Amino acid sequence: QVQLGEFGGGLVQAGDSLRLSCSASGLIFSIYSMAWFRQASGKERELVSAISRSGETIYYADSVKGRFTISRDNAKNTVYLQMNSLKPEDTAKYYCAARIGAAVTYNPVLWNYWGQGTQVTVSS
C-alpha cells in the first residue's frame, strides 16, 4: 500500500521560512517523479514544484521561483520543499504527489499518489 505523508506545515509570519517533508512508503521511490501542489481556499490545485526521479529536472511555478527549493533523498524516500520569504499568498494546503513519468505535469489527475496535505498559513 502506497502512502505519502507530509510534515512541516504551520502558521508563520510573512518573510519566515518553512521546510516541508514528504515521506513515501510502499513504492520504489527512486523511479517516481515527485511534486508539491497547493490548493488555496476556493481555488484549484496548482503545481508548485516538481522533481524528476534522479533530480535532473526541476520545475518551479513562477510565483515561487527564487524562494522555494525542492530536493529529494532517494535513500530516505523523502522529498522536501524549502520555502523562504513566505508571503500571505502562499497560504494553502500543500500536497505531495508521486507519478511514474514526466515530472513537469500540471494536471493533478495525472499524478498517481497523493498525501493528505499539510496546511501552511502565512500572516501579514
Side-chain angles (χ1 to χ4, degrees):
Q1 181 181 358
V2 175
Q3 289 188 320
L4 302 180
E6 301 96 336
F7 304 92
L11 171 62
V12 297
Q13 293 188 330
D16 286 350
S17 298
L18 279 174
R19 188 194 196 202
L20 305 184
S21 300
C22 170
S23 294
S25 62
L27 75 170
I28 303 173
F29 184 77
S30 61
I31 69 171
Y32 282 79
S33 293
M34 300 297 297
W36 289 95
F37 284 76
R38 67 185 180 188
Q39 188 165 19
S41 181
K43 295 189 176 181
E44 293 186 351
R45 194 168 295 192
E46 64 169 346
L47 178 63
V48 174
S49 184
I51 186 168
S52 60
R53 55 186 183 177
S54 63
E56 74 276 10
T57 299
I58 289 178
Y59 164 84
Y60 296 105
D62 287 343
S63 58
V64 306
K65 209 170 284 186
R67 299 187 297 121
F68 290 12
T69 303
I70 192 170
S71 61
R72 65 188 294 162
D73 185 337
N74 286 348
K76 295 183 178 180
N77 287 8
T78 301
V79 61
Y80 305 96
L81 187 67
Q82 178 67 43
M83 305 187 296
N84 298 330
S85 303
L86 282 161
K87 303 176 181 180
E89 50 264 44
D90 294 319
T91 294
K93 196 163 189 179
Y94 284 71
Y95 296 88
C96 172
R99 74 183 303 263
I100 290 181
V104 188
T105 301
Y106 303 98
N107 188 347
V109 172
L110 299 179
W111 288 80
N112 303 111
Y113 301 108
W114 292 87
Q116 294 199 335
T118 184
Q119 180 67 36
V120 173
T121 303
V122 185
S123 63
S124 57

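Keep in mind the model is a prediction, meaning the values are calculated, not measured.
Rounding to the nearest 0.5 Å gives a distance of 8.5 Å between CG of Leu18 and OG1 of Thr118. Separating the CG atom in Asn84 from the CZ atom in Phe68 is a distance of 8.5 Å, to the nearest 0.5 Å. One finds the CG atom of Leu27 at 7.0 Å from the CG atom of Asn77 (value rounded to the nearest 0.5 Å). Atom SG of Cys22 is separated from atom CD of Glu6 by 5.0 Å, given to the nearest 0.5 angstrom. Between Met34 atom CE and Asn74 atom CG the span is 9.5 Å, to the nearest 0.5 Å. Rounding to the nearest 0.5 angstrom, the gap separating the CD atom in Gln1 from the OG atom in Ser25 is 8.0 Å.
Scanning all heavy atoms of the two residues, the minimum distance from Ala24 to Leu4 falls at CB-CD2, 3.4 Å. Considering all non-hydrogen atoms of both residues, Ser17 and Gln82 come closest at CB-NE2, 3.9 Å. Contact between Pro88 and Ala14 at its shortest, heavy atoms only, is CD-CB, 4.1 Å. Across all non-hydrogen atoms, the minimal contact from Leu20 to Met83 is CG-CE, 3.7 Å.
Ile70 and Trp111 fall into different hydrophobic clusters, where Ile, Leu, Val, Met, Phe, Trp and Tyr residues are linked whenever their side-chain heavy atoms come under 4.5 Å apart, directly or through other members. Val104 is not connected to Leu81 by any chain of hydrophobic side-chain contacts under 4.5 Å among Ile, Leu, Val, Met, Phe, Trp and Tyr, and they are in different clusters. Under the 4.5 Å side-chain heavy-atom criterion for Ile, Leu, Val, Met, Phe, Trp and Tyr, Val48 and Trp114 are members of distinct hydrophobic clusters. No continuous path of ILVMFWY side-chain contacts below 4.5 Å connects Val64 to Leu47, so the two sit in separate hydrophobic clusters. The hydrophobic cluster containing Phe29 also contains Ile31, counting ILVMFWY residues as joined when their side-chain heavy atoms lie under 4.5 angstrom apart, directly or transitively.
Residue Ile28 qualifies as open at atom CD1: its count of foreign heavy atoms under 6.0 Å is 12 or below. Other residues, nucleotides and ligands contribute more than 12 heavy atoms inside 6.0 Å of the NZ atom of Lys65.
Trp36 has its side chain within reach of Cys96: a pair of non-hydrogen atoms, C-beta onward, lies under 4.5 Å apart. Taking 4.5 Å as the limit, every side-chain heavy atom of Ser30 sits out of range of all side-chain heavy atoms of Arg53. Two residues are said to be in side-chain contact when any heavy atoms from C-beta on lie closer than 4.5 Å; Asn112 and Val2 fail this criterion. Side chains of Thr105 and Ser33 form no contact here, defined as non-hydrogen atoms less than 4.5 Å apart.
Among residue pairs with one or both ends in residues 43-67, those qualifying as ring-ring contact (aromatic ring centres under 6.0 Å, His included) are Tyr59-Tyr106; sequence neighbours excluded. The stretch residues 76-99 participates, sequence neighbours left out, in no ring-ring contact (aromatic ring centres under 6.0 Å, His included) pair at all. Contacts classified as salt bridge (Lys or Arg N to Asp or Glu O under 4.0 Å) and involving residues 82-102 (residues at least two apart or in different chains) are given here: Arg38-Asp90, Arg67-Asp90.
With Thr91 contributing its side chain and Val122 its backbone, the two residues share a donor-acceptor pair below 3.5 Å.
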